[in-house]
Amino acid sequence: MDGALLYPQVTATRRVQGMDGMWGFRFDPEGVGERDGWAANGLPDPVAMPVPASFNDLFIDKASRDYAGDFWYETDVTVPGEWRDKDLFLRFDAATHRATVFVNGVKVGSHEGGFTPFAVRINDVARFDEPNHVAVRLNNELSHASLPAGTGGALPDGTKLAGPYFDFFNYAGLQRPVRLLAVPKEALTGYSTTYAIHGDGSADVRYEAETNGGHRVEARLYDAGGALVARADGAKGTLHVPDAHLWNVRAAYLYRIEFTIVGDGGAVIDRYFDEIGIRTVEVSGRSILVNGKPVYLKGFGRHEDSIVNGRGENPAVIKRDFELMKWIGANSFRTSHYPYSEENLRMADREGFLVIDECAAVGFMASLMNFLDAANDANPNRDRGFFDDPVVRGKTIAVHKEAVRELFERDRNHPSVIMWSLMNEPDSAADAAVPYFREIFGYARTLDPQGRPLTYTNLMSAAAGKDKCHQFADVICLNRYYGWYVQGGYQLAGARKAFIDEMNRWMEVEPDKPFVFTEYGADTDAGVHKLPSVQWSEEYQCEYLDMQHEVFDMFDAVVGEQMWNLCDFQTGEGIMRVDGNKKGAFTRDRQPKEAAFLLKRRWERKGA
Ligand code: GCB
């Protein structure tokens with residue numbers, strides 16, 4: 001990791017210059033931009049494009065909104081001359097799904113994966129005190145080796161298509177902030193912490209600081225009021241906190257940890273600070289323990305999705321979503337189905353939410369999300385398992401490991417993160433999934449100093465008895481739709497029985513692990529009221545939820561429920577989706593459906 005990947009902070013030694021705003025933009029369907037010198041000479045006829053945002057919903061023509069292939073962004077950035085002695089980076093919080101960066105016509109780096117940050121060093125090409133041309137070539141095509149996974153395709157005239165194997169719109173672009181960073185040449189490049197809470201009310205914060213130089217490191221810990229509570233010397237050490245104020249569920253408390261690299265004469269070479277929370281997480285028997293106490297997760301699978309911005313970072317919507325989750329009595333969410341922005345996690349840290357942090361390994365079931373296509377003879381994947389594909393066993397696992405590494409490095413110090421989800425709804429009933437799971441779980445177990453639980457979310461077609469991979473997970477996370485995709489409407493009583501039968505089976509198959517429902521939900525068109533209820537009406541969503549909750553409450557092993565979804569969200573178009581997925585407790589413009597009041601009553605009864 002380098003110093004620019006830490007969350008950007010202005011400190012005594014570090015500088016940050018925002019680069020958000022209107023950039024130039026242009027599609028490159030033939031992939032000729034690099035050859036034709038766009039990086040050096042500027043984009044021909046660029047249109048204005050805001051950063052951060054997804055480009056898709058800003059266009060009014062379909063070809064642009066659904067565009068698949070290469071596309072370019074450009075801007076100018078003036079690098080202050082007083083930063084000459086620093087390492088200079090462009091930090092992209094997210095470039096979806098892959099990007100190559102050019103500065104003043106010179107290629108300076110590239111990155112695969114659309115939801116984790118990367119930084120490119122520009123010292124060799126930067127001109128001081130004058131504009132530097134920044135061009136970024138992105139690409140949003142999908143394949144069996146992309147996270148999220150999908151396929152390609154083309155219209156009769158050769159126009160490329162992206163074929164998602166997932167149920168959310170394939171939004172793309174510079175979807176999160178871009179910044180110019182100045183970092184000392186000798187710098188903190190990363191850090192990690194682990195915690196021990198003692199019976200006498202004290203706690204130890206064990207830290208490990210990573211640097212790229214030889215000078216000594218000092219660590220300090222300040223409480224929320226700014227008072228120094230502990231200090232230690234060395235790149236590795238323990239900060240002892242006599243009266244530790246713990247970070248707790250919906251009762252967050254944040255300390256400020258500060259690292260200083262000290263020069264020979266006592267000079268400050270680098271200083272970096274961050275917010276941390278003292279808390280422990282472990283799985284014990286059928287419980288998830290935070291600070292040694294069992295927790296029950298209440299909340300949602302979410303999406304980063306909003307009107308006009310698409311998946312573009314939208315601080316107002318992040319704020320609104322947290323207000324909705326607090327109002328309804330939630331205490332947790334999953335970052336379905338990709339790493340969320342650092343702003344989202346920092347909010348969770350401050351508000352005391354428990355986060356299941358998911359990487360973008362979604363769509364690992366070739367025929368799942370294209371619905372009828374799955375039964376179509378023309379679908380090349382119809383009879384082939386995702387994990388049987390040689391590309392998956394070779395390239396995909398390498399890309400996946402890198403994505404997991406980047407996710408853990410970015411998020412390991414967030415107190416809100418209590419569990420990692422390595423995949424959403426993979427084809428875990430397939431024999432070929434087993435070696436893949438063994439490798440990715442084995443790798444992930446080496447990465448987190450806090451040893452937080454690992455999981456994946458299991459789908460209905462890999463029900464109890466069929467799933468071959470649950471042994472790798474510490475917590476069994478189930479996405480279940482009894483009463484929606486199977487036995488919906490008037491058949492709800494049958495759905496209930498099938499659901500209970502499956503749960504009884506799970507109790508035998510996994511007698512000693514906690515269960516969390518990471519999805520359950522029913523599409524509901526806000527404002528549709530029916531007596532008696534029918535599917536899609538607000539009444540049916542409530543009846544459906546009541547049935548799910550009744551079944552959850554029958555099993556002590558169930559320690560969490562995250563309803564699908566917090567809000568309605570955009571998907572690709574198709575016969576199964578009416579302008580998007582409508583399973584939200586709230587609409588896409590963040591207003592409650594009847595179900596939101598039902599959830600609020602239930603979750604307030606359950607307490608924190
Ligand atoms: C799922 C997927 C999620 C979908 C949801 C649905 O199992 O994980 O991405 O949106 O079902 O509504 O079908």
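We count ligands from 1, going down the list as the structure has it; atoms in each ligand are counted the same way. If you're wondering where the values come from, they're calculated on a predicted model, not measured in any experiment.
- With respect to Lys606 and Glu561, no salt bridge is recorded, no charged nitrogen being found less than 4.0 Å from a carboxylate O.
- At a 4.0 Å heavy-atom cut-off, ligand 1 does not touch Phe168 at all.
- Close contacts between ligand 1 and Phe569 involve ligand atoms 10 (O) [criterion: under 4.0 Å to a heavy atom].
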Please step through side-chain contact (heavy atoms from CB on, under 4.5 Å) for the pair Arg452 and Trp420, ending with a clear verdict. CA-CA 7 Å; Arg452 275 162 280 207; Trp420 307 100; 3.8 Å; yes
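- Distances below 4.0 Å separate heavy atoms of Tyr485 from the following atoms of ligand 1: 6 (C), 12 (O), 13 (O).
- Test Phe322, Phe333, Trp603, Phe517 against Phe300 for ring-ring contact (aromatic ring centres under 6.0 Å, His included) and you get one pass: Trp603.
- Within ligand 1, the atoms closer than 4.0 Å to a non-hydrogen atom of Asn424 are 8 (O), numbered from 1 in the order shown.
- When only modelled atom types and interatomic distance are considered, Asp57 and Tyr171 share a side-chain donor-acceptor pair under 3.5 Å.
- A side-chain donor from one of Asn139 and Glu141 sits under 3.5 Å from a side-chain acceptor of the other.
- The proximity of Thr571 to ligand 1, defined as any non-hydrogen pair under 4.0 Å, does not occur for either the backbone or the side chain.
- The pair Glu519-Arg480 does not meet the salt-bridge criterion, since no charged nitrogen lies less than 4.0 angstrom from a carboxylate oxygen.
- Summarising the contacts of atom 5 (C) of ligand 1 with Tyr481, Phe166, Tyr520, the nearest heavy atom is found in Tyr481.
- Heavy-atom proximity to Asn581, at under 4.0 Å, picks out these atoms of ligand 1: 6 (C), 10 (O), 12 (O).
- A salt bridge does not link Arg590 with Glu323: every distance from a Lys NZ or Arg NE/NH1/NH2 to an Asp or Glu carboxylate oxygen is 4.0 Å or more.
- Heavy atoms of Lys582 found under 4.0 angstrom from ligand 1: none, in either backbone or side chain.
- Listed by number with element, the atoms of ligand 1 under 4.0 Å from a non-hydrogen atom of Arg577 are 6 (C), 12 (O), 13 (O).
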